[in-house]
Protein chains: 2
Amino acid sequence: MARKPTKSGKIRLTEVAKLAGVSPITASRFFRNPDALSLAKRERVDSAVKELGYVPNLAARALASHRTEVIGVVIPSLTNSVFADVLRGIYDSSEQSRYSIQLTNTRYSILQEEKMLRLFRAQKPAGLIVTGINQTAESRAILETMDCPVAQIMEIGDSPVDMMIGFSHYDAGFAAISHILEQGRRRIGFLGARMDPRVQRRFDGYRDAMKAASLFDPNLVVTTTVPTTVTLGGTLFADLIAKTPDIDAVFCVNDDLALGVLFECQRRQISVPGEMAIVGFNDLEFMASAVPSLTSVRTNRYEMGRHAITMVIDAIEGRRPREPVLDLGFQLMIRESSTPQTA
Amino acid sequence: MARKPTKSGKIRLTEVAKLAGVSPITASRFFRNPDALSLAKRERVDSAVKELGYVPNLAARALASHRTEVIGVVIPSLTNSVFADVLRGIYDSSEQSRYSIQLTNTRYSILQEEKMLRLFRAQKPAGLIVTGINQTAESRAILETMDCPVAQIMEIGDSPVDMMIGFSHYDAGFAAISHILEQGRRRIGFLGARMDPRVQRRFDGYRDAMKAASLFDPNLVVTTTVPTTVTLGGTLFADLIAKTPDIDAVFCVNDDLALGVLFECQRRQISVPGEMAIVGFNDLEFMASAVPSLTSVRTNRYEMGRHAITMVIDAIEGRRPREPVLDLGFQLMIRESSTPQTA
DNA sequence: CAATGCGATGGTAGCGCTGTCAATAATTGT
DNA sequence: ACAATTATTGACAGCGCTACCATCGCATTG
């Protein structure tokens with residue numbers, strides 16, 4: 001314990017084994033499968049490790065064993081707090097396991113994703129979690145030939161590479177619009193930013209719900225590929241209302257936009273929900289606190305992360321799920337912003 | 001398991017070299033230092049790599065070379081959007097380099113941090129970026145004996161392990177309070193959540209500024225170790241106003257709390273800034289959009305990440321900065337919530 | 001023209017660890 | 001008690017790559 005961490009000392013497993021009076025392979029087993037050692041040797045190796053301050057060389061371990069204990073996670077964005085919750089779920093459940101997480105982000109670029117997957121392929125991870133189902137052909141090929149379990153998260157679709165944990169963005173969008181229609185609103189605007197594939201599917205849900213009610217009108221839709229901000233919500237709303245002044249509700253593809261719309265309404269003295277209903281998506285924490293509280297579609301992000309990592313770890317260890325596709329659904333959180341004024 | 005394709009056999013560098021008609025070491029150089037090859041051989045190796053679909057084995061590379069091209073990043077939280085911006089800066093500047101980022105989070109636990117550092121030590125990263133200056137003794141020892149450049153970010157202090165990029169949270173807190181005092185406010189409340197070391201230093205700045213004006217009063221302070229949320233801002237504000245009804249301003253240690261306070265004021269019909277000034281910290285994007293717009297202390301998070309990764313990469317490649325400590329400062333963003341009503 | 005320098009290339013040896021499987025010790029059943 | 005079985009342990013042989021140094025040939029120099 002009092003021994004200084006050596007700067008120059010090359011302590012290898014061999015040195016540990018020598019001090020403990022066992023063969024190197026036995027010392028190796030001490031780390032991989034301690035139960036296979038007799039109590040006496042286990043203790044001797046243990047104290048030799050401590051005394052020498054032995055630090056295993058992961059590269060050598062990986063080379064010799066053809067395995068690593070790293071699970072790769074590929075997400076589009078770290079700035080988008082939606083993924084923060086997913087990651088929390090992933091980390092929470094990975095921490096009691098032997099596996100460590102290697103996280104990369106693609107900034108919503110499928111080319112960047114491909115590059116990251118190529119890197120992961122060279123690292124031979126024990127498992128892989130990727131976001132969504134819209135990979136390049138090359139990425140898809142890498143995933144399919146990857147010699148480890150793979151989970152696709154955030155949405156569900158046909159033909160999973162391996163496992164899939166998510167929900168239907170289409171259904172969620174459709175459900176949100178159905179709710180607004182039930183409130184008697186007819187001119188429901190759509191505000192979209194970034195327009196990644198999942199947002200696109202929410203739009204499809206909006207469009208089809210509006211069409212089913214014979215209320216779809218392109219003038220109700222304002223989108224941009226610019227990344228989402230609260231401020232952008234206000235800007236898009238201003239564009240929308242300039243184009244189509246008679247709207248009585250807005251569906252925003254995420255909560256940041258919805259908050260921006262609320263602020264813009266306050267600025268313009270438009271009463272919410274009196275003159276304008278607002279519905280967001282994701283149900284971030286602040287939605288319930290806003291004044292008025294904001295309706296949103298709750299997505300089970302933490303659970304998505306938790307299930308994904310659990311399923312991947314189980315698969316690594318040979319416990320394959322009986323059902324590779326897991327639909328975690330969504331919940332409509334109906335609040336003041338989309339219901340009749342109570343006071 | 002993602003199913004395997006055709007049994008393609010193992011493609012090693014040897015196979016590539018054979019096909020290209022060169023020695024393995026020349027093929028190896030193709031990856032590490034292509035300029036050292038003659039044009040003819042470079043092209044032969046290049047096409048052999050493509051033809052065989054060669055994927056380098058990073059573990060073997062690391063074992064043989066005693067190096068990796070991974071830079072480890074240790075942050076306390078992925079949920080806290082403050083770090084998202086730092087990470088954006090890190091990723092932006094790392095992407096045009098050869099290095100890849102390995103990210104871990106400690107959930108504000110210095111024990112978890114120690115565990116992550118132990119893992120990194122075994123991986124021999126090319127560089128390391130850690131958050132803050134409050135490590136355990138063991139963590140500190142690991143950092144000091146780590147055979148690679150180390151950057152501590154988010155704050156500055158004495159005795160850096162190696163490099164340090166941040167700003168003074170104490171000064172920032174002090175400056176925020178000075179501004180509020182200049183507006184003529186006297187009963188300035190303090191709302192704090194999580195109370196990690198950096199938040200604690202912001203409090204110190206608040207306390208000393210208040211004491212300097214002979215206005216410090218423990219009844220003005222409400223803190224909790226619970227993680228921050230917008231909703232919590234409202235709750236803490238309610239506690240504060242119940243305890244000390246005559247406050248005329250609130251300094252929140254972060255912007256989420258400040259937004260929660262704004263909502264709570266709206267709920268209670270307390271006019272902002274008329275009856276209550278609000279000042280946040282970090283200047284998240286939504287602060288400027290809120291109604292009224294919210295004053296905050298802008299911290300240069302993106303720049304912090306960018307400088308940290310740049311300095312680490314430079315140090316890896318032998319270009320040590322002449323000054324290891326970089327103070328990126330902060331800016332007070334004065335907005336409606338802390339200034340006299342204009343209309 | 002020999003001496004010198006240097007760019008391009010290859011041979012030799014491992015890096016530190018673990019898979020395989022055989023060898024030995026301990027335990028059990030009948 | 002003795003064979004059969006099961007726990008422990010060790011010897012060997014690489015994993016795929018690169019550091020190190022030697023070598024070769026060609027251009028430059030006086």
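To find a chain, count down the sequence lines: A is the first, B the second, and so on, and within it residues start at 1. Below, all heavy atoms of this structure are taken into account, side chains as well, without hydrogens, waters or symmetry copies.
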Residues [X], [Y]: salt bridge by 4.0 Å N-O rule:
| X | Y | value |
| --- | --- | --- |
| A/Asp46 | A/Arg42 | no |
| B/Glu138 | B/Arg118 | yes |
| B/Arg67 | B/Asp147 | no |

Nearest heavy atom decides the nucleotide; on that basis, is B/Leu63 or A/Ser65 closer to the 5' end of DNA chain C? B/Leu63

First of B/Ile25 and A/Tyr54 reached from the 5' end of DNA chain C, by closest nucleotide: B/Ile25

Nearest-Å distance, [atom1] ([X]) to [atom2] ([N])?
| X | N | atom1 | atom2 | result |
| --- | --- | --- | --- | --- |
| A/Gln123 | D/dG16 | CD | C1' | 16 Å |
| B/Ile11 | D/dC15 | CD1 | P | 15 Å |
| A/His66 | D/dG14 | NE2 | P | 12 Å |
| A/Glu15 | C/dC17 | CD | C1' | 13 Å |
| A/Leu37 | D/dG10 | CG | P | 10 Å |
| B/Arg67 | C/dC15 | CZ | C1' | 13 Å |
| B/Phe31 | D/dG16 | CZ | P | 15 Å |
| A/Asp35 | D/dA7 | CG | C1' | 13 Å |

Under 4.0 angstrom, heavy atoms only, what part of the nucleic acid is B/Arg42 near: base, sugar-phosphate, or nothing? nothing

Take a 6.0 Å sphere around CG of B/Asp158 and say whether it holds more than 12 heavy atoms from other residues, nucleotides or ligands. no

For D/dG10, does the base pair up with any side-chain atom of A/Arg29 as donor and acceptor (N or O, under 3.5 Å, distance only)? yes

Counting side-chain heavy atoms from C-beta on, which of [options] comes nearest to [X]?
| X | options | answer |
| --- | --- | --- |
| A/Thr26 | D/dG10, C/dG19, D/dC17 | D/dG10 |
| B/Leu13 | D/dT18, D/dG10, C/dA8 | D/dT18 |
| A/Asn57 | D/dC17, C/dG16, D/dA11 | C/dG16 |
| B/Ser38 | C/dC17, D/dG16, C/dT9 | C/dT9 |

With a 4.0 Å limit, can you tell me whether B/Lys41 has a side-chain N or O closer than that to the phosphate oxygens OP1/OP2 of C/dT9? yes

Under 4.0 Å between a side-chain N or O of B/Arg12 and OP1 or OP2 of D/dG16? yes

Does the cation-pi check pass for B/Arg44 over B/Phe30, that is, NZ or CZ under 6.0 Å from the six-membered ring centre and within 45° of its axis? no

